[in-house]
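One structure below.
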2 protein chains.
Amino acid sequence: MTARRDEILAAAAELFARHGFHGVGIDDIGAAVGISGPALYRHFSSKDALLGEMLTSISKDLLEGGSARAAAAETPAEALRELVAFQTDFALTHPALITVHERDLGNLRDADRHEVRTLQRRYVEVWVQTIQAAYAGVSEERARACAHAVFGLINSTPHNRYLDKPELTRLLHDLALGALDAVAVA
Amino acid sequence: MTARRDEILAAAAELFARHGFHGVGIDDIGAAVGISGPALYRHFSSKDALLGEMLTSISKDLLEGGSARAAAAETPAEALRELVAFQTDFALTHPALITVHERDLGNLRDADRHEVRTLQRRYVEVWVQTIQAAYAGVSEERARACAHAVFGLINSTPHNRYLDKPELTRLLHDLALGALDAVAVA
DNA sequence: TGCCGGTGTTAGCGGTCGCTAACACGGCAG
DNA sequence: CTGCCGTGTTAGCGACCGCTAACACCGGCA
């Protein structure tokens, strides 16, 4: 049953986001889905493998979704708006995954970390190329730094619970595009 | 000797930033400063106390520094630029502390966490009031959301190692102020 | 000189953690 | 009906971790 796996992954993401990978025990994860401790090993080969699957799957989703949205746009400016909208929507929909994604990357096994890093790099590359296409004359390094800064801005969502979802979506959208516009001018 | 304490705090910050609080052992921290394991207890009463001191001290530094810089400015717009510059400089100077600050807050003892949260709230309040003074008509909730988003933008520094320090400082400055300007217009 | 406080060492305790072993039980196929 | 596979249980092992105990060394001071 794949539903159980997904349920476990979701529960584990919440716990990892709150206490960190090493701060959560096998028994905690089991209890969160109503089973107890070692039953998890019927679905995942190890705790490390669970984290690995969580992070590779979210990295794939980001890369695929971002690539698709950017490719479907008709102008570079529109592509950039689409990327911002996509990242914002993703961060608002999966705040726990976003948190774990940037926090516990260092706790992955070497093979998993390498794969996640590669996927991340490719996702950033989509942003870099879109930024350079939208704003002529921006160096690759600058575009990359801008991309990381905008990720930070949008991924602040988990700490941002003062506005409701549509308002926050709109606000992050405006902030992100405003930041990028300001740099293009300079 | 207080120099040893500071040395330990700095080494522990680097380790916590890389592996998370629970991913670092007492022996690891000791080894990083050339002593071994339990000698730490000559300087700190517990591992929890070490983290507590680390996070309360950084929270105090942020609050005091930010308040001073904002108060010394002559106009709200200048105060906001000062806050952005201060946060940028802090994040670039102490990337490990920034990382631990937002990642391991949940691993503090209740009393420490309460104190850190209070200091953080007051620091955010400085930003909120400055934003509202600089841009008339922005609601408190919106200003707070903007502040958190700008923190995320600036604190992306640890993932941002493609530009040298002065360039990155300038870039983050422009991005942050551009983001805020865009929201004021809307 | 002799003591003493500050700082370091190693040995080891109690608890926790990831994981395995051994077993139980229900649903479905032959 | 029987046997098996998927999924759950509890008991417990071995390793690790935070921390304490007991002891050692050194520098300054009566």
Side-chain angles (χ1 to χ4, degrees), chain A residues 1-56 96 100 103-113 116, chain B residues 1-56 96 100 103-113 116:
Chain A
M1 182 165 22
T2 186
R4 247 293 135 89
R5 283 174 65 88
D6 294 347
E7 190 189 0
I8 293 169
L9 283 168
E14 297 292 334
L15 290 170
F16 291 166
R18 192 143 42 229
H19 304 108
F21 179 69
H22 290 298
V24 176
I26 285 291
D27 292 346
D28 300 327
I29 303 172
V33 299
I35 65 183
S36 219
L40 290 180
Y41 291 88
R42 302 294 171 192
H43 305 277
F44 298 93
S45 65
S46 71
K47 194 188 171 195
D48 286 337
L50 196 159
L51 181 66
E53 184 160 329
M54 188 185 301
L55 294 196
T56 53
V100 177
R103 182 211 254 167
D104 284 316
L105 196 140
N107 294 125
L108 285 171
R109 294 171 301 195
D110 289 354
D112 288 332
R113 184 171 53 250
V116 169
Chain B
M1 180 162 28
T2 186
R4 244 298 130 91
R5 284 174 64 87
D6 294 345
E7 191 188 359
I8 293 169
L9 284 167
E14 295 293 334
L15 290 170
F16 290 166
R18 193 144 39 227
H19 305 108
F21 179 70
H22 290 297
V24 177
I26 287 292
D27 293 346
D28 300 325
I29 303 172
V33 298
I35 65 183
S36 218
L40 291 179
Y41 292 87
R42 302 295 172 192
H43 305 277
F44 298 92
S45 64
S46 70
K47 193 188 173 195
D48 287 338
L50 196 161
L51 181 66
E53 183 159 328
M54 188 185 300
L55 294 195
T56 54
V100 178
R103 180 209 255 169
D104 284 315
L105 197 140
N107 294 125
L108 285 171
R109 294 172 301 196
D110 289 355
D112 287 333
R113 185 170 52 248
V116 169

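Note on naming: letters A, B, ... go to the chains in the order of the sequence lines (proteins, then strands), and numbering restarts at 1 for each one.
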Please state how far atom [atom1] in [X] lies from atom [atom2] in [N], giving the value in whole angstrom units.
X	N	atom1	atom2	answer
B:Glu7	C:dG8	CD	C1'	14 Å
A:Phe44	C:dC19	CZ	C1'	16 Å
A:Ile29	C:dC19	CD1	P	10 Å
B:Arg109	D:dG18	CZ	C1'	14 Å
A:Leu15	C:dG18	CG	C1'	16 Å
B:Ile35	C:dT10	CD1	P	12 Å
A:Tyr41	C:dA22	OH	C1'	17 Å
A:Phe21	C:dG18	CZ	P	8 Å

D:dC17 OP1/OP2 closer than 4.0 Å to side-chain N/O of A:His22: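 Result: no.
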
Looking only at side-chain atoms of [X], point me to the closest of [options].
X	options	value
B:Ile26	D:dG18, C:dT9, D:dT10	D:dG18
A:Pro38	C:dG8, C:dC19, D:dC19	C:dC19
A:Lys47	D:dG8, D:dC19, C:dC19	C:dC19
B:Arg42	C:dG18, D:dG18, C:dT7	C:dT7

Overall bend - the helix from C:dT1-D:dA30 to C:dG30-D:dC1, comparing terminal axes fitted on five pairs, nearest 10 degrees: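 Computed angle between terminal axes is 20°.
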
A:Arg103 charged N/C atom sitting above A:Phe16 aromatic ring, 6.0 Å / 45°: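 Here A:Arg103 fails the 6.0 Å and 45° test against A:Phe16.
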
Quiz item: cation-pi between B:Lys47 and B:Phe21, 6.0 Å / 45°: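 Yes, cation above the ring, under 6.0 Å and within 45°.
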
Sugar-phosphate only, base, or nothing, as touched by A:Val33 at under 4.0 Å among non-hydrogen atoms: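 The answer is nothing, as A:Val33 stays clear of every strand by at least 4.0 Å.
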
Partner residues of B:Arg42 under the side chain to side chain donor-acceptor pair (under 3.5 Å) criterion, sequence neighbours left out: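 Side chain to side chain donor-acceptor pair (under 3.5 Å) list for B:Arg42, sorted by chain: empty.
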
Pair B:Asn107, B:His22: side-chain N/O donor-acceptor within cut-off below 3.5 Å: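 Side chains of B:Asn107 and B:His22: pair found under 3.5 Å.
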
Note, B:Val100 side chain near B:Leu51 side chain (heavy atom, < 4.5 Å):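 Yes. Closest side-chain heavy atoms under 4.5 Å.
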
Side chain proximity check, B:Ile35 to B:Leu40, heavy atoms < 4.5 angstrom: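 In short, these two side chains touch, coming nearer than 4.5 Å.
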
Any donor-acceptor N/O pair, B:Arg5 side chain to B:His43 backbone, under 3.5 Å: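 Judged by distance alone, yes, a pair lies under 3.5 Å.
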
